There are 2 protein chains.
Amino acid sequence: MRPKLTLKQIARELDVSISTVSKALKDSPEIGEDTKQKIKAFAKLYNYKPNNIALSLKNRKTKTIGIIIPEIVHYFFTTVISGVEQVANEKGYNVIVCLSNNSFDREVLNLDLLANGSTDGFILSLAKETMQKEDYHHLTEVINQGMPVVLFDRVVDEVHCDKVIIDDIIGAKKAVEHLIETGCKKIGILTTVDYVSVGKLRTRGYIEALEENDYPVDEDLILKIEDMENSEKEIGEFLKTRDVDGLFAVNEQFAVSAIGALRRQGRNVPEDVSVVGFTDGELSKNFIPSLTTVSQHGTRMGAEAAHLLIDKLERKPDEVESYKTVIVETSLVRRESTKN
Amino acid sequence: MRPKLTLKQIARELDVSISTVSKALKDSPEIGEDTKQKIKAFAKLYNYKPNNIALSLKNRKTKTIGIIIPEIVHYFFTTVISGVEQVANEKGYNVIVCLSNNSFDREVLNLDLLANGSTDGFILSLAKETMQKEDYHHLTEVINQGMPVVLFDRVVDEVHCDKVIIDDIIGAKKAVEHLIETGCKKIGILTTVDYVSVGKLRTRGYIEALEENDYPVDEDLILKIEDMENSEKEIGEFLKTRDVDGLFAVNEQFAVSAIGALRRQGRNVPEDVSVVGFTDGELSKNFIPSLTTVSQHGTRMGAEAAHLLIDKLERKPDEVESYKTVIVETSLVRRESTKN
DNA sequence: TTTCAACACGCAAACGTTTTCGGACGTTGG
DNA sequence: CCAACGTCCGAAAACGTTTGCGTGTTGAAA
């Protein structure tokens with residue numbers, strides 16, 4: 001077992017000073033050609049690589065960005081991570097991933113931990129619990145200390161920072177309008193409770209789309225699901241007494257649960273009921289029938305977030321502070337669960 | 001914007017030395033009660049937290065573990081990450097995630113980067129390209145430098161380190177035996193090319209199960225798929241000319257593709273053909289019919305890997321070196337795609 | 001021969017900690 | 001009255017870098 005090589009060891013070995021070694025390796029003109037060659041050869045031979053931690057300490061930057069998400073076993077979030085990773089890597093940054101598990105405490109804990117020197121900045125999507133508590137002091141604190149933060153997907157006005165979101169309302173409208181265009185007359189929605197911001201917004205898009213097309217908005221056709229565990233049963237009950245011919249689900253899960261329930265009730269998709277989902281994940285692509293859905297382009301969101309963050313990190317200190325929020329467009333992917 | 005507080009600043013502010021502050025905050029008996037109180041109060045008031053980077057440099061350990069996986073938009077890997085994260089967090093470690101995108105070069109790059117001080121050890125699953133090249137010098141190098149490494153899922157004998165795998169052969173046998181028990185007479189397999197170790201092993205399990213039950217092994221019923229992009233078509237072609245009544249797919253994707261193809265050919269699952277998959281992901285759970293499948297228990301694998309790694313990290317230096325490989329049992333999850 | 005660049009290199013500080021050692025001071029005991 | 005000891009604290013080194021500046025040596029110009 002050969003431990004890592006340091007400048008000091010090279011210096012001792014070659015009988016020069018540490019600074020000479022450092023400068024030689026950086027090809028400084030201060031050092032004589034032959035000395036440089038000797039040192040470089042030695043370093044290459046023994047595969048010297050500078051210690052990142054020491055560099056971080058010296059430079060006061062770590063070249064790593066932290067990303068905190070509510071859960072990782074989740075298609076959308078993985079695509080976002082993928083996007084972040086890609087551009088971070090291009091720019092020479094590492095990505096350190098933490099999970100809040102939708103818990104406020106874990107979010108605070110992770111943030112605190114990473115804020116103490118481990119990361120140069122954060123990309124994060126708020127935990128459900130955090131949004132319920134409406135307590136964002138941990139974020140404002142970190143931002144106050146001069147750490148750039150980019151919020152994505154689950155964002156909140158109270159925190160002043162860059163943001164990356166999708167046009168949830170417009171996305172939902174696209175979905176509902178597609179249902180309308182393909183001839184649906186009675187359109188229901190499967191959504192979440194209102195404190196989940198995206199659920200709320202998508203519901204709003206649903207309502208707006210109906211109103212703009214002079215469809216009546218029937219509260220009885222709106223199902224707000226709180227308990228994800230029992231969503232399947234709840235959806236089944238709901239559909240049993242609603243003779244909708246179009247259905248907008250705010251996520252994949254709800255969409256496939258609905259299709260399953262409908263089929264058990266002898267109703268076919270899309271012949272009797274058209275269904276549109278949200279999030280273009282594995283399920284949407286592979287389900288039978290494959291799902292017409294609103295794609296969120298998670299990878300692009302991640303990439304945008306990473307760009308925003310890195311821009312802030314590499315900004316000259318004299319530039320003026322300003323917060324952007326970029327909106328990544330959604331697009332409707334037409335497949336087999338709706339008519340056309 | 002208030003920058004981070006350091007020991008030095010506290011010292012200056014309270015007119016004591018840096019070492020006094022450090023000791024006071026660690027409740028050292030060397031420091032007088034009143035001084036301690038004063039310092040602690042100040043530190044708490046201004047929310048002092050020690051700088052992790054400085055600590056890492058001093059202690060020569062970072063308390064973070066690196067995990068390098070081929071891809072992240074993949075159910076199995078996310079469950080593994082989730083497992084790693086969980087126990088890492090319990091033990092006070094951070095997790096930094098890197099993606100190799102199945103590329104050898106990226107794997108080497110990431111490993112090199114993280115090996116230079118950023119991480120105390122690695123958990124990784126080999127890139128497909130790496131397994132093709134059979135070049136593992138980057139790993140042996142890192143291991144030689146004294147960094148613990150734990151390989152999982154896609155492992156390889158040439159690298160000497162701890163490993164976490166599943167009993168792919170036994171898992172596959174469980175699947176095939178279940179098909180046999182439920183009355184299938186002619187069982188095919190949809191698998192990958194042999195250099196993907198798990199594919200190879202699962203194929204072997206398939207063959208062994210057949211042999212042990214005195215079923216003939218018919219090469220014509222074995223489809224080895226190279227190109228994941230066109231798997232759907234390939235599977236369709238294959239099934240068109242095989243009148244199997246049982247099918248074992250080595251992943252979810254192949255399983256649902258098969259079911260789709262069969263249905264288009266007028267064959268019902270499970271009435272005409274029973275199908276068993278591998279990996280208990282979103283697809284298996286939500287597909288209609290839901291998939292009977294072999295669960296890999298990714299979370300448990302991740303947890304095991306993390307435990308192995310942390311044990312090595314916190315081992316006293318005089319303990320003897322030894323490499324374990326733990327096998328996480330698979331289990332068959334019976335659902336609707338097979339008879340019972 | 002003296003003077004002065006130019007060159008090649010080393011010293012030391014800094015980043016923020018922890019920890020060992022020793023020093024100053026006051027108290028106690030003989 | 002002095003030695004010994006205890007209490008409380010500070011100086012300094014160390015982790016591995018980078019970098020401004022100082023210094024010694026050389027060679028050439030004056």
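Treat the numbers as computed from the prediction; the structure is a model and nothing was measured. Chain identifiers are assigned alphabetically (A, B, ...) following the order of the sequence lines, protein sequences preceding nucleic acid strands; residue numbering begins at 1 within each chain.
- Residue L25(A) contributes atom CG, which lies 12 Å from atom C1' of dT17(D) at whole-angstrom precision.
- Counting non-hydrogen atoms under 4.0 angstrom, S19(B) reaches a base of the nucleic acid.
- Taking atom CD1 of residue I31(A) and atom P of nucleotide dT18(D), one finds them 13 Å apart after rounding to whole Å.
- Using a 4.0 Å heavy-atom criterion, one finds that S22(B) contacts the bases of the nucleic acid, with or without backbone contacts as well.
- Out of dC15(C), dT17(D), dG10(D), the shortest distance to the side chain of N51(A) is found at dT17(D).
- Side-chain atoms of T119(B) never come within 3.5 Å of backbone atoms of G121(B) as a donor-acceptor pair (strictly under, hydrogens ignored).
- Nucleic acid contact for S28(A): none, since no nucleic acid atom lies under 4.0 Å from a heavy atom of the residue.
- Between F42(A) and L5(A), the shortest heavy-atom distance links the atoms CE2-CD2, 4.5 Å.
- The side chain of Y48(B) contributes an N or O atom lying less than 4.0 Å from OP1 or OP2 of dT17(C).
- Counting to the nearest Å, the C1' atom of dC9(C) and the NZ atom of K36(A) are 13 Å from each other.
- Nearer to the 5' terminus of DNA chain D, by closest-nucleotide assignment, is the contact made by T20(B) (compared with the other of R60(B) and T20(B)).
- Nearest heavy-atom pair, F152(B) versus S125(B), reported as atom, atom and distance to 0.1 Å: O-OG, 3.2 Å.
- Per the geometry, NZ belonging to K8(B) stands 15 Å off P belonging to dT18(C), to the nearest Å.
- Judged by atom type and distance alone, K23(A) reaches the base of dG20(D) through a side-chain donor-acceptor pair under 3.5 Å.
- In the set dT18(C), dG10(D), dG16(C), the nucleotide with an atom closest to the side chain of L57(B) is dG16(C).
- Here dG16(C) presents its P atom at 10 Å from CD1 of I18(B), a figure rounded to the nearest Å.
- The distance between atom CG of D34(A) and atom P of dC9(C), rounded to the nearest whole Å, is 6 Å.
- Rounded to whole Å, the distance from CD1 on I39(B) to C1' on dC8(D) is 11 Å.
- In this structure, H74(B) and F76(B) have perpendicular ring planes: the angle between them is above 60°, well past the 30° mark.
- Taking the side chain of E30(B) as heavy atoms from C-beta on, and the options dT20(C), dT17(C), dC11(C), the nearest nucleotide is dT20(C).
- Here T35(A) reaches the OP1 or OP2 of dC9(C): one of its side-chain N or O atoms lies under 4.0 Å away.
- The distance between atom CG of N52(A) and atom P of dT18(D), rounded to the nearest whole Å, is 11 Å.
- A distance-only check finds a donor-acceptor pair linking the side chain of R154(B) to the backbone of L126(B) [under 3.5 Å].
- Remark: K4(A) is not in phosphate contact with dG16(D), judged by side-chain N or O atoms under 4.0 Å from OP1 or OP2.
- Between K58(B) and the phosphate of dA13(D), there is no side-chain N or O to OP1/OP2 separation shorter than 4.0 Å.
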